[in-house]
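Order of the sequence lines sets the chain letters (A, B, ...), proteins ahead of strands, with each chain counted from 1. Everything quoted here is computed from the prediction, not taken from an experiment.
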Amino acid sequence: MKSAPFEHHEPETVAEAVSLLEALDEPTILAGGQSLVPMLRFRLANPDAVIDLNRIDELDYLEEADGMLRIGALARHVDIEESALIADRYGSFADAAPLVADPQIRNRGTIAGSVAQADPKGDWASVLLAHDGEVVARGPDGERVIPADEFFLLPYDTTLDENEMITELRVPTPLDREGSAYHKLKRKTGDYAMAGSAVRIVLDEEGTIETAGIGLTAVDITNVRATDAEESLVGERPSKEAFKQAGELAAEQSHPESDEHGDASYKERMVNVLTQRALADAAERAGLVVKRVTA
Amino acid sequence: MSTKDITLTVNGETHSLTVEPRMLLIHAIREELDLTGSHIGCDTGNCGACTVVKDGEAIKSCLTFAVQADGSEIETVEGMEDHPDADGGLHPIQEGFEQEHGLQCGYCTPGMIMAGKAILDENPNPTEEEIREGISGNLCRCTGYQNIVKSIQYASDKLDENGEVAAADGGRAETDGGFTCGVENCCGGTGFDHTGGDNE
Ligand SMILES: Cc1cc2nc3c(=O)[nH]c(=O)nc-3n(C[C@H](O)[C@H](O)[C@H](O)COP(=O)(O)OP(=O)(O)OC[C@H]3O[C@@H](n4cnc5c(N)ncnc54)[C@H](O)[C@@H]3O)c2cc1C
Ligand code: FES
Ligand code: FES
């Protein structure tokens, strides 16, 4: 099926894009198009105007500045996958990138588009949640910084205003003794997650867990934080037992739906296992070795 | 109905088109330019049959509007025989699919070939695992992938051999600075002017 007809606008600056957002009647933003193009074609979205961000060079960056990793709205999945900075310092991002979709889609799709799409099966929102990330938005009233915790409302629905766009996603740069990881279960390469767990831990000088962040994929109406599991970890030393308990609590806090790929209890069990594995990887990256869970 | 004028360079040939913004790149390629080698298998980004190389990167042309490709360079399967590596015949990747029985019905093949080209352009000597990862966005209902992987390996070996021949004949097989022997001003590398005119 063809999309309904629309006007195609190609601003070259964020300021131009924001004035278009204000001036046009219910426009839709187009980034990588890897989710939006099929939605337009199935007429799940029928905008009169599309604001295409792809010529806004100022949004194309991936850098560390002022204590934050900053991901511009045009940074693509492949940019994360191929970044030496990410490979060296951001375990969860490095794990997630090659697990998103397939090479062609990673060449086009953006991290910000994926977060704006707010599909609970999307991978990046979990990583952003685990890292206490932020969404930077621009609208007619200027810039607004939205904590990831307050961003996701419902499937495909966020707290972004209609006349706002995401310009940047950001997470704090890693501290000493910090480690993060992402584990995802999917039927085959290129599929969305059946379940996924993003984990970030920070240890204090004695090796006790000081901060824990866990974001879960595909197990609720949005990507969610496993807060009970996070709390159980703080003040503990990383150990198989502590991770087992956290895995169980993460599973308890998730509400997956049964579908043709697996029933809810199976997916809960997988949340448990994936969370334990991600914790073990994160601990190792923070400088410790805790034996991997095999079951 | 709004339309836009765009320019697409497809397989080296520049085309000016007037299209509706809602026209997908795959439709522009197949229906406007009559290059029907690139296929539509699913129309939802799942199968990879519509894979083309845009500005050096493999993309699914059913997930991009033609207006978004304005000003870009597109390679499709039709351009493979004219590629310098084809040396007047089939491109080594196409030859690989022929020699290794990399196709049965052939529906996925144009997309596989372009995905294969993107793999080899970035990494001329991929491991089997890298090839499998590189074609993971392309589905084949017929072959079971084994021979597709072998076909791309065949091309990788063949391109290597060609490279060695080029090296052995002092780089004459590839002129115009494509080959550098490492010695400055020797065989067409940095700064050497073949016309011999005002070269300092
Ligand atoms: C076959 C297939 C498999 C996939 N598998 C996965 C997977 O395993 N994991 C995964 O996470 N994703 C997957 N995806 C989705 C993919 O990651 C998309 O790239 C991503 O969801 C959207 O990013 P985009 O840049 O393409 O956004 P677009 O498709 O351009 O936009 C998506 C939505 O976000 C809005 N938007 C985009 N950018 C902005 C912005 N800067 N500000 C405000 N709103 C904006 C758009 O208006 C639209 O509503 C898959 C997609 C396909 C087709
Ligand atoms: S037709 Fe484009 S991916 Fe199937
Ligand atoms: S050869 Fe038939 S789909 Fe691949």
For this session: Would you mind checking which part of A:Ala101 comes under 4.5 Å of any heavy atom in chain B, side chain (CB onward), backbone (N, CA, C, O), both or neither?
Result: neither
Seminar exercise, completed: Bottom line for B:Thr51: the part with an atom under 4.5 Å from chain A's heavy atoms is side chain
For this session: Side-chain contact test, heavy atoms from C-beta onward, threshold under 4.5 Å: evaluate it for B:Ile74 versus B:Thr76 and give yes or no.
Result: yes
Exercise. Out of curiosity, A:Ser114 OG to A:Arg76 CZ, how far, rounded to the nearest 0.5 Å?
Worked result: 13.5 Å
Exercise. Among B:Asn138, B:Leu24, B:Val67, B:Ile119, which has the most heavy-atom pairs under 4.5 Å with chain A?
Worked result: B:Val67
For this session: Compute the centroid of each ring, for A:Phe6 and then for B:Phe65, and state whether the two points are separated by less than 6.0 Å.
Result: yes
For this session: Would you mind checking which part of A:Leu30 comes under 4.5 Å of any heavy atom in chain B, side chain (CB onward), backbone (N, CA, C, O), both or neither?
Result: side chain
Problem set entry | More than 12 heavy atoms of other groups within 6.0 Å of A:Lys121 NZ | no
For this session: Heavy atoms only, distances under 4.5 angstrom: which of B:Glu133, B:Glu57, B:Arg132, B:Lys54 has the most pairs with chain A? Name it, please.
Result: B:Glu57
For this session: Mind listing the closest non-hydrogen atom pair of B:Ala69 and B:Leu8 along with its distance?
Result: O-CD2, 3.3 Å
Exercise. Pick from B:Asp70, B:Ile135, B:Asn46: which one has the most heavy-atom pairs with chain A under 4.5 Å?
Worked result: B:Asp70
Problem set entry | Atom pair OG/CG of B:Ser38 and B:Leu25 - distance to nearest 0.5 Å | 8.5 Å
Seminar exercise, completed: With chain B, the option among A:Gly190, A:Pro103, A:Pro38 that has the most non-hydrogen atom pairs under 4.5 Å is A:Pro103
Problem set entry | Heavy-atom contact with chain A under 4.5 Å, split by part of B:Lys4 | side chain
For this session: Drop me the distance from A:Glu10's CD to A:Ile56's CD1, to the nearest 0.5 angstrom.
Result: 10.0 Å
Exercise. Tell me, side chain or backbone of A:Asn107 under 4.5 Å from chain B's heavy atoms, or both, or neither?
Worked result: both
For this session: Look at A:Arg41, A:Glu7, A:Gln34 and state which one has the largest set of heavy-atom pairs under 4.5 Å with chain B.
Result: A:Arg41
